[in-house]
There are 2 protein chains.
Amino acid sequence: MVTIYDIAKKAKVSPMTVSRVINNSGNIRVATREKVEKAIKELGYIPNEAARSLTSNQTKTLGLILTDITNPFFAKVARGAEAKAMETGYRILLANTDEDFEKEKSYTDMMISARVDGVIMTPTNDESLKHVERLNQHNIPTVLLDRTVEGFEGDCVLGDSYKGSRELVRHLIDYGHKNIALVNGPRNISTSRERERGYVETLKLNDLPIHENYISEFDFRSMEPHAAHSIVEKLMSLDEDKRPTAIFASNNFIAISVIQSLRQMNLRVPEDVSIVCFDEIEPVEYFDPFFTVAAQPATEFGKISLQYLVERLENDGLEQSRKVILPPDIHIRKSTQRIEE
Amino acid sequence: MVTIYDIAKKAKVSPMTVSRVINNSGNIRVATREKVEKAIKELGYIPNEAARSLTSNQTKTLGLILTDITNPFFAKVARGAEAKAMETGYRILLANTDEDFEKEKSYTDMMISARVDGVIMTPTNDESLKHVERLNQHNIPTVLLDRTVEGFEGDCVLGDSYKGSRELVRHLIDYGHKNIALVNGPRNISTSRERERGYVETLKLNDLPIHENYISEFDFRSMEPHAAHSIVEKLMSLDEDKRPTAIFASNNFIAISVIQSLRQMNLRVPEDVSIVCFDEIEPVEYFDPFFTVAAQPATEFGKISLQYLVERLENDGLEQSRKVILPPDIHIRKSTQRIEE
DNA sequence: ACGCTTTCAGTTATCGGTAACATAAAAATA
DNA sequence: TATTTTTATGTTACCGATAACTGAAAGCGT
């Protein structure tokens, strides 16, 4: 492995001079600089960042802790974050928690041992505050993405779950639906709570019923074929007058699971049941826009959170924490249908 | 930042003793070990990997250079790789090249400066051999994923493009298609060449025509709305007897672009044109299996390539390079239709 | 009880950089 | 020309961990 000492010897200068050339610091005579640059090129020298970070106390590496990059929403987030990282000279360490609190814990430790400069995290649940605090103890600032956590004080980039939820339910009501069920994510996740709030308030505002069993919690983690089956079965076996004509699935994965279950019960979408959800179901939307969704600007989520993180790192004047709430776009498509009175 | 020296002071031992406790090396009295462990817990100490890597000469970090994690195929690859990395105690540095050779170059340098122990890479084209060699010069072994490159000697994990291609075309022929076009990826990518080879051979074997314009190159990079438009337009404006009744799109992204163009021309799939392609178009397949595809085991691609890489790192006895070719699964679905003679 | 081996813990030097200080050479000033 | 200032480069020490060596204490056999 070629080091700064090899360059120094070859160029007949001290290692420090080489360091100065590399970092463009201090004063260097043109002739010296050229000698050194020649040696660097000839030996194909690339600085050892591990050694650098030992003195500089920064690694130029950021942690990206997502729940599952297989979800197109998070894939786009990662893409946005990575692009911005490249632009600002940072590297990205990737981690998938699978909504598992324990995995999140070990990845948190991994990020600490890797001495990342900062972390972007989609917390698995409200308990995740522990992990954020652990990172803070080690002077690693954290930006929360998509979900926030009770008691969290730092920067976060969120979607407007409440508003999107209201608009989706509003749309269903406009289409004449009265029995609307919510298949929600776990309630210990902020987005689930916000979406439920929007759902409940909009129904109440329109004097519509929220029968028991209308709201159910679906575990994001179970991506098994029939995850939503028991939930959907229960909904669809309600008495005729209570049986939902529309289902609000809290996110894209849940929507897919719900539609699978409906298929299995020989129920058609939208003829028998209308469906809405948060987040696009890509790449279908490109060629066969089907789902009525509250689309969130996923790439922006990634870019902005990385931007915030970098600004906090390079700008210690930043005291105030910042919170952005990005509004979703409602796309009305074929998964929802008007029903007659 | 709490270091090994802080622990040493607190436990009233030397730093070396602390190091021994952490690494479980050498002989330590039980009482001493407990003292040290207590101090570690109390101060929440986590070793600085940057410092470690300086002596050990390994970072326990691997580079994953993909073209675009937004493609579900690569998202799954990343997932598989990451899972295996976690299992074997490695971290993953993520990079997206966007099929851009220059980006690949800078990411290669990034990986070298980060002193990753190894790299998994989907090369952008045949020139990428340069980058692999550059990595090799710095003693960083590389596993190629999905695509190989002329002159490459190391490990690689590929799909069976040739066989999959033959089976897809075979299927179209079985369904009565005689005019079959190929919208291929760039020919400086191994998978494109292999798929074209399978396509051409199968047509020839069945005495079917390959008219001019039947084979076109589509640039993966242009994910713009109408990327395939001119290609599809040209195909569809051929004389009646030459106009293709089926299109073989080289991969999922191309298929989406093609189907978009067809839509725009008011042509239906599969009624007017049948379509087949490589790789699933997830997550649609879960709830509305539409595309007839050669599905590749993406997660396995990731897992196996990481496995290979780690084995090479930890097992310097490995001289021979290894090459796996994973066969695709053909799923016949609704994007293809029988046509009468 | 004496010498010899084994166990346990500490010292020193090093990995590859850079900050901080030191010094030599060149330029500016008196 | 002598003196000060500026510019260019070198030296030393240190970041946090560990390998290699050294030394002290404990175990062990006769």
Side-chain angles (χ1 to χ4, degrees), chain A residues 1-40 43-61 109-110 112-117 138-140, chain B residues 1-40 43-61 89 109 112-117 138-140:
Chain A
M1 197 95 312
V2 37
T3 74
I4 207 167
Y5 297 91
D6 301 320
I7 305 300
K9 192 180 287 177
K10 177 140 197 168
K12 296 195 180 107
V13 295
S14 76
M16 199 56 225
T17 303
V18 179
S19 172
R20 281 192 266 255
V21 169
I22 294 166
N23 296 289
N24 239 301
S25 60
N27 295 312
I28 302 281
R29 218 184 312 160
V30 179
T32 313
R33 150 163 287 124
E34 281 169 355
K35 262 196 306 184
V36 172
E37 280 169 349
K38 186 156 161 274
I40 288 178
L43 297 185
Y45 167 75
I46 294 184
N48 183 332
E49 289 294 336
R52 269 187 172 167
S53 72
L54 209 53
T55 44
S56 71
N57 226 21
Q58 53 167 339
T59 54
K60 285 282 177 183
T61 303
D109 283 358
M110 185 189 100
I112 295 171
S113 71
R115 294 295 191 271
V116 296
D117 297 336
H138 291 263
N139 286 314
I140 301 175
Chain B
M1 195 98 313
V2 37
T3 74
I4 207 167
Y5 297 92
D6 301 321
I7 305 299
K9 193 181 286 178
K10 177 138 195 169
K12 296 194 179 107
V13 295
S14 77
M16 198 55 225
T17 302
V18 178
S19 172
R20 281 192 266 254
V21 169
I22 294 166
N23 296 290
N24 239 300
S25 61
N27 295 313
I28 302 282
R29 222 185 306 162
V30 180
T32 312
R33 152 162 285 124
E34 281 169 355
K35 261 196 306 184
V36 172
E37 280 169 349
K38 186 156 161 275
I40 288 177
L43 298 185
Y45 167 74
I46 294 183
N48 183 332
E49 290 293 337
R52 269 187 172 167
S53 72
L54 208 53
T55 45
S56 72
N57 226 21
Q58 54 168 337
T59 54
K60 284 284 177 182
T61 303
D109 283 359
I112 295 171
S113 73
R115 294 294 191 273
V116 295
D117 297 335
H138 290 263
N139 286 313
I140 301 175

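Naming: A, B, ... by sequence-line order, numbering from 1 per chain. The model shown is predicted, which means the values in this text are computed figures rather than measured ones.
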Heavy atoms from C-beta onward define the side chain here; which of [options] lies closest to that of [X]?
| X | options | answer |
| --- | --- | --- |
| A/Asn27 | D/dA8, C/dG16, D/dA17 | D/dA8 |
| A/Leu54 | D/dT7, D/dC15, D/dA20 | D/dC15 |
| B/Met16 | D/dA20, D/dT9, C/dT18 | D/dA20 |
| A/Thr32 | C/dG17, C/dA9, D/dT9 | D/dT9 |

What is the distance from [atom1] of [X] to [atom2] of [N], rounded to the nearest Å?
| X | N | atom1 | atom2 | result |
| --- | --- | --- | --- | --- |
| A/Arg52 | C/dA19 | CZ | C1' | 14 Å |
| A/Arg20 | C/dC21 | CZ | C1' | 11 Å |
| A/Glu34 | D/dT9 | CD | P | 12 Å |
| B/Tyr5 | C/dT11 | OH | P | 12 Å |
| B/Lys9 | D/dG16 | NZ | P | 12 Å |
| B/Ile46 | D/dA17 | CD1 | P | 11 Å |
| A/Asn24 | C/dT18 | CG | P | 12 Å |
| A/Arg29 | D/dT9 | CZ | C1' | 9 Å |

Mind checking the [atom1]-[atom2] spacing from [X] to [Y]? Nearest 0.5 Å is all I need.
| X | Y | atom1 | atom2 | value |
| --- | --- | --- | --- | --- |
| A/Ser53 | A/Lys60 | OG | NZ | 12.0 Å |
| B/Met16 | B/Ser25 | CE | OG | 6.0 Å |
| B/Lys35 | B/Lys12 | NZ | NZ | 8.0 Å |

* Does B/Arg115 make a side-chain donor-acceptor contact with the base of C/dG16, cut-off 3.5 Å? -> no

* Between B/Asn23 and A/Val13, who's closer to the 5' end of DNA chain D by nearest nucleotide? -> A/Val13

* **Residue whose closest nucleotide on DNA chain D lies nearer the 5' end, B/Ala51 versus B/Ser25** =>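 Per heavy-atom nearest nucleotide, the more 5' residue is B/Ala51.
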
* Could you go step by step and tell me if B/Ile4 and B/Ile22 meet the side chain to side chain contact (heavy atoms under 4.5 Å, CB included) rule? -> CA-CA 10 Å; B/Ile4 207 167; B/Ile22 294 166; 4.2 Å; yes

* Would you classify A/Ser14 as touching base, sugar-phosphate or nothing, given that sugar-phosphate means primed atoms plus P, OP1 and OP2, and contacts are heavy atoms under 4.0 Å? => base

* Asked: More 5' along DNA chain C: B/Lys12 or B/Thr55, using each one's nearest nucleotide?
  ->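 Here B/Lys12 is the residue nearer the 5' end.
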
* To do: Go through B/Arg33 and B/Glu37 one step at a time and tell me if the salt bridge (Lys or Arg N to Asp or Glu O under 4.0 Å) criterion holds.
  => CA-CA 6 Å; B/Arg33 152 162 285 124; B/Glu37 280 169 349; 3.8 Å; yes

